[in-house]
Amino acid sequence: MDVSNLLIPAVLFFALGFLAQGVKSDLKFPPDLAKALSIYLLIGIGLKGGVELSHAHLGEAFDAVTAALVLGFGLPIVAYIILLAGRLDKLNASAIAAHYGSVSAGTFLTAIAYLNAQQIPYESYPVIMLAIMESPAIIVGLLLARFSRGSKQSNGEGDAREHHMGELLKDAFTNGSVILLFGGMLIGVVVKPGPLATITPFFSTLFMGALSLFLLEMGMEAGKRIGEFRRVGWFLMAFGVLMPLIGGSMGLMVGHYWLGFGVGGSMLVAVLGASASYIAVPPAMRLAIPEANPSYYLTLSLGVTFPFNVIVGIPLYHYFAARLIGG
Amino acid sequence: MDVSNLLIPAVLFFALGFLAQGVKSDLKFPPDLAKALSIYLLIGIGLKGGVELSHAHLGEAFDAVTAALVLGFGLPIVAYIILLAGRLDKLNASAIAAHYGSVSAGTFLTAIAYLNAQQIPYESYPVIMLAIMESPAIIVGLLLARFSRGSKQSNGEGDAREHHMGELLKDAFTNGSVILLFGGMLIGVVVKPGPLATITPFFSTLFMGALSLFLLEMGMEAGKRIGEFRRVGWFLMAFGVLMPLIGGSMGLMVGHYWLGFGVGGSMLVAVLGASASYIAVPPAMRLAIPEANPSYYLTLSLGVTFPFNVIVGIPLYHYFAARLIGG
Amino acid sequence: MDVSNLLIPAVLFFALGFLAQGVKSDLKFPPDLAKALSIYLLIGIGLKGGVELSHAHLGEAFDAVTAALVLGFGLPIVAYIILLAGRLDKLNASAIAAHYGSVSAGTFLTAIAYLNAQQIPYESYPVIMLAIMESPAIIVGLLLARFSRGSKQSNGEGDAREHHMGELLKDAFTNGSVILLFGGMLIGVVVKPGPLATITPFFSTLFMGALSLFLLEMGMEAGKRIGEFRRVGWFLMAFGVLMPLIGGSMGLMVGHYWLGFGVGGSMLVAVLGASASYIAVPPAMRLAIPEANPSYYLTLSLGVTFPFNVIVGIPLYHYFAARLIGG
Amino acid sequence: MSQLYPMKLINIIANGALEERLVNMAEAHGTSGYTILEARGAGSAGLQTGTLEGGSNILFVLIVTESKLAGVMVDVEKLMKRGHHLACFVSDTQVLRREKFAG
Amino acid sequence: MSQLYPMKLINIIANGALEERLVNMAEAHGTSGYTILEARGAGSAGLQTGTLEGGSNILFVLIVTESKLAGVMVDVEKLMKRGHHLACFVSDTQVLRREKFAG
Amino acid sequence: MSQLYPMKLINIIANGALEERLVNMAEAHGTSGYTILEARGAGSAGLQTGTLEGGSNILFVLIVTESKLAGVMVDVEKLMKRGHHLACFVSDTQVLRREKFAG
Ligand SMILES: Nc1ncnc2c1ncn2[C@@H]1O[C@H](COP(=O)(O)O)[C@@H](O)[C@H]1O
Ligand SMILES: Nc1ncnc2c1ncn2[C@@H]1O[C@H](COP(=O)(O)O)[C@@H](O)[C@H]1O
Ligand SMILES: Nc1ncnc2c1ncn2[C@@H]1O[C@H](COP(=O)(O)O)[C@@H](O)[C@H]1O
Ligand code: NA
Ligand code: NA
Ligand code: NA
């Protein structure tokens, strides 16, 4: 595993941001810049996925979607069990679990950049799986939390909650990231190559540069979270490193044995399994599981798992994918 | 009229934004992003117009400018009469009229994208007309309002107003959009091709992609206004659909019979006539006609006329232009 | 000195922004846009510098760095002496001196655009010198202020200050601009051409266009400062024009006689000497010399010296560089 | 001397995800309007840097008549009881036009 | 215990287009300064999403001495009389340095 | 009727460069949190357009118990004594949950 593989802009900009926080630099990013970049990146992935989907093999695409659903519904349950085993209360466990069942587009794109840099080919389906995997985990988290609350349901507030439920489920499918990913995908599918080419310079040619800028800011965000570590405690910290390994290996299995992907594709599925959402899921959990402590799940997904995946995880998943498949 | 012509990024992104609001998605855009994009787009149009102006035929350019002034001063008066006929108070009528005499760059650019997608050629003068048409309607609105106030002038506040008037007229020519459009145009004219080429990748190559992102956000903005429909009432809603048809046909006449443009160019002039401003004019009216209800003119121009033009109007004006000129 | 040389986008957009303020246009820029653009530009310069550094001649690079340090430490002292001679209090003198010892990336990049437009070649080392020159002047300002405070040190607050000092020195090396410039440089050095090429379209191809947009906003900022002129008084106004001439000539000497640069390179060193920081140093002085009046140093660097350099200084330094070296 | 009328100024600082709920609340109580400002900060819910939706606060400002205060407070407490992290503080203020806010 | 001095805190929420007018007003009354924050919201002028200049609010904050309040209120009422849509509310506050604000 | 408890609302308007100092101050006094809003304006330090870091203000909001006020004020005055340009004003307010802010 050649360390120079890590010397790609995406990773280095992330590290730079992290370091800037470490040395307490006064470097500030306008808050809206990250939001604008994530909107841009999600549309960009969507368009890319749509174009690929348009000449995808339907049977394979269907398999990929099914696999994505299985991972999206399965991983949160695994996470939930581990968290309960660690004596975490049920509501926080549900909220955290939802984050790990979902995905991080930033991590996924860093993996893409990593593969491109080494000219490793990869299947196109993982992009579609990324979009699919945004929502299921939110639903699982919702349901887990609902059962956790148990008795509470009986009292007056219950109805309010019931009434609530449908709306929250709807939210899972209409959250911003889902809209941008599937919207972009749809546009990528229906627009003819001619007109599509007019927006390619913006959404495709600039993509990797914009990603670097986004990761610089995310590196700073991750760095800011270090101060919160004492809040979350050792068990959760460990979970933030352990869970990606579990999710990663499950993703690897699914990618290789079920979907029959090569090294590149299998590694990307591993990354989907390993990554935790820090854009779509946190606001969803704010509404769905208000009782949970946001500093737990934000610190874990953004401050622990994200850096771990970008620096250690990606090359690691690649290494195992290569060992398993022999690329 | 082949519907697949509507399947261009600009239109689809607008629809996506509109839809996102419709399903009450939590998708949020940083407020400053739209402002930044509109600044970028106005400069971009200006530069484009300047380059074309630099090898324009002066006589033709002069005709186009005159025609733009006629439309800019004429259309608000038409709108005003219709609105009064509908028993709207004079001050609100003046403010709304100003919006319809002016233009919407977003609509104009969507029309450009629409023509490009179908490889329909178009004259370059409409770009210049766009810049010209920003201000006249504001002045007309100002004057209409002033006369509407009538008696008020006699009382003490009068002088304040008089004194006011000059400043407000000045504002019409120095508002942000005018500065960016004419500034960009001037720069496009005076800068030599060499240095100009250094900024082309930014202002020209990315243009259509940035426009898509802008329209996505405008689609959301339009969607948010639906809630305001009950405020404006049926008559104004109807006006928001009727007026573009009137302005569009007038534009079509001017483009074809007066300026002798082809299908593409005439359609663009129709779009100038049909579109209503939602960037330059609203703030101008806030100062010039504070008594008017901003939710009327913003809802109409952004929530009714803009979507109508983008989805229905543009192909319609194209259809009639083709019928009239036979392209 | 052919005036048409000034007709480059960078200069014209700056003038446009300045003019927009002059005519009191209601043109507004979202505050975060300038911050985002300056982050982008600093990274872009850094990357460019890094790539050039990677095939730089070490001996020459070392000379350039030494020269940059000499200028960075020397110029503030010159400025300080002049300001005291003008009877300005020591603390304000220290703060202003720090700004003139440091550099303005915006001015430097305008000079680059100016040279490119005339196909004048230039050495690559000034880019490195730009990064080096960010910090030294801050340190000098700090020390000057500390001695100015003199007696104050004896009282109780003293210790607080002492204790303070180290932290402030650290700040000088970790301020945002330094992180972005050196971070970008490092990334430009270590990343292989392949992966680096993926971010080139974003950070390099768009660079000059983004610079134009940034300068448009800076032009407006400069324009807004005119109202502050009465605050700073005539002596400081004169200093804002005189100091760049002194710094410029010193830079010219250093560039030509010490570093042996050609017309282009020597002019760039002159610009480094002549320009005053308005991004990195002001916040640093807020913390290091809170007693100083921020409206003095911001008005001078942004409202007087920046416009002077962009409009008059750059062609002037070019003219003298040509006279001196005979390009 | 222009007449000023007493009103209650309600401030709520919460994550942006709660915006829709707060707006609905304001409308349910028929206030003359509402104001929202973007905010950052820290509290029991941890650090809110304002960079990501999940970590962005809003300051929700509501001017109401004395009579409406109690009702709004009940709704805010409901949100808190559900576990939502928010800071709510109420101050006395005075407005220029009573009729504008007394809806 | 640091001494605090009573002042009046004037808040004005209006469309961004009014910014220049409000700043001029503050300067006309010789206040020590003014503060502006970007805001969104809704009111009699309809929805202010903050996305377009025409639909963006500002929160204009002005700290003045008791003695200056009346004068400022007169000017604010003038704006309202002209029809401008704005919300103005005044609260009592205390500042650390009287001389800073009593200009 | 929900119970409201008196608290002190501290507002500090200063250049963004002071943010870290103010946050440290809040933490030193063990407040339940703090809130920061971006601001522009003008004052003795001149024009703060919000465009460049050096010319950008923040509005730092701190809710504290009566008992903590004095201590915070001392620290704010220290900053002012050092020469920092800032405006600080304190108002009475009431909060919904005393325990949340009385830390
Ligand atoms: N003592 C305080 N002073 C000012 N703002 C506070 C305070 N406590 C909490 N906040 C704000 O309220 C938000 C929500 O508070 P919390 O529910 O404690 O997370 C925080 O993110 C802060 O922005
Ligand atoms: N009751 C209220 N509470 C808080 N903000 C309000 C209220 N009424 C109006 N506003 C704000 O004041 C702005 C102007 O009010 P209006 O003149 O009613 O349009 C609105 O856009 C809101 O941001
Ligand atoms: N009278 C005032 N009313 C409102 N804000 C003020 C006032 N005076 C100062 N400020 C704000 O406080 C900041 C710092 O004030 P100063 O220390 O005077 O520069 C200014 O930039 C303004 O945003
Ligand atoms: Na996952
Ligand atoms: Na029109
Ligand atoms: Na210098």
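Numbered from 1 within each chain, the chains take letters A, B, ... in sequence-line order.
Looking at C/M218, only its side chain comes within 4.5 Å of chain F, counting heavy atoms on both sides. With a 4.5 angstrom heavy-atom cutoff, C/L302 touches chain F only via side-chain atoms. For chain F, no part of C/A280 is nearby; none of its heavy atoms comes within less than 4.5 Å. With a 4.5 Å cut-off on non-hydrogen atoms, C/Y278 touches chain F through its backbone and its side chain both. Looking at F/S44, only its backbone comes within 4.5 Å of chain C, counting heavy atoms on both sides. Only the side chain of C/L298 comes within contact range of chain F, with heavy atoms under 4.5 Å apart.
Annotation: side chain of C/L109 is in contact with side chain of C/F207 (closest heavy-atom distance under 4.5 Å). Contact check for F/L86 versus F/C88: side-chain heavy atoms found under the 4.5 Å cut-off. The closest side-chain heavy-atom distance from C/M285 to C/H99 is below 4.5 Å. No side-chain heavy atom of C/M220 sits less than 4.5 Å from a side-chain heavy atom of C/F18.
Rounding to the nearest 0.5 angstrom, the gap separating the OG atom in F/S32 from the NZ atom in F/K100 is 6.0 Å.
Sorted pairs that involve residues 62-82 of chain F and meet ring pair (Phe, Tyr, Trp, His ring centres under 6.0 Å), not counting sequence neighbours, are lacking altogether.
Side-chain contact, F/T49 with C/E221: a donor N or O sits under 3.5 Å from an acceptor N or O. Remark: the C/T305 side chain and the C/Y100 side chain contain an N/O donor-acceptor pair separated by less than 3.5 Å.
Within residues 226-236 of chain C, the residues having any heavy atom under 4.5 Å from a heavy atom of chain F are, by residue number, C/E228, C/R231.
Salt-bridge check for C/E167 with F/R21: passed, with a basic side-chain N closer than 4.0 Å to an acidic carboxylate O.
Each of F/G55, F/S56, F/A17 has some count of heavy-atom pairs under 4.5 Å with chain C, and the biggest count is that of F/A17.
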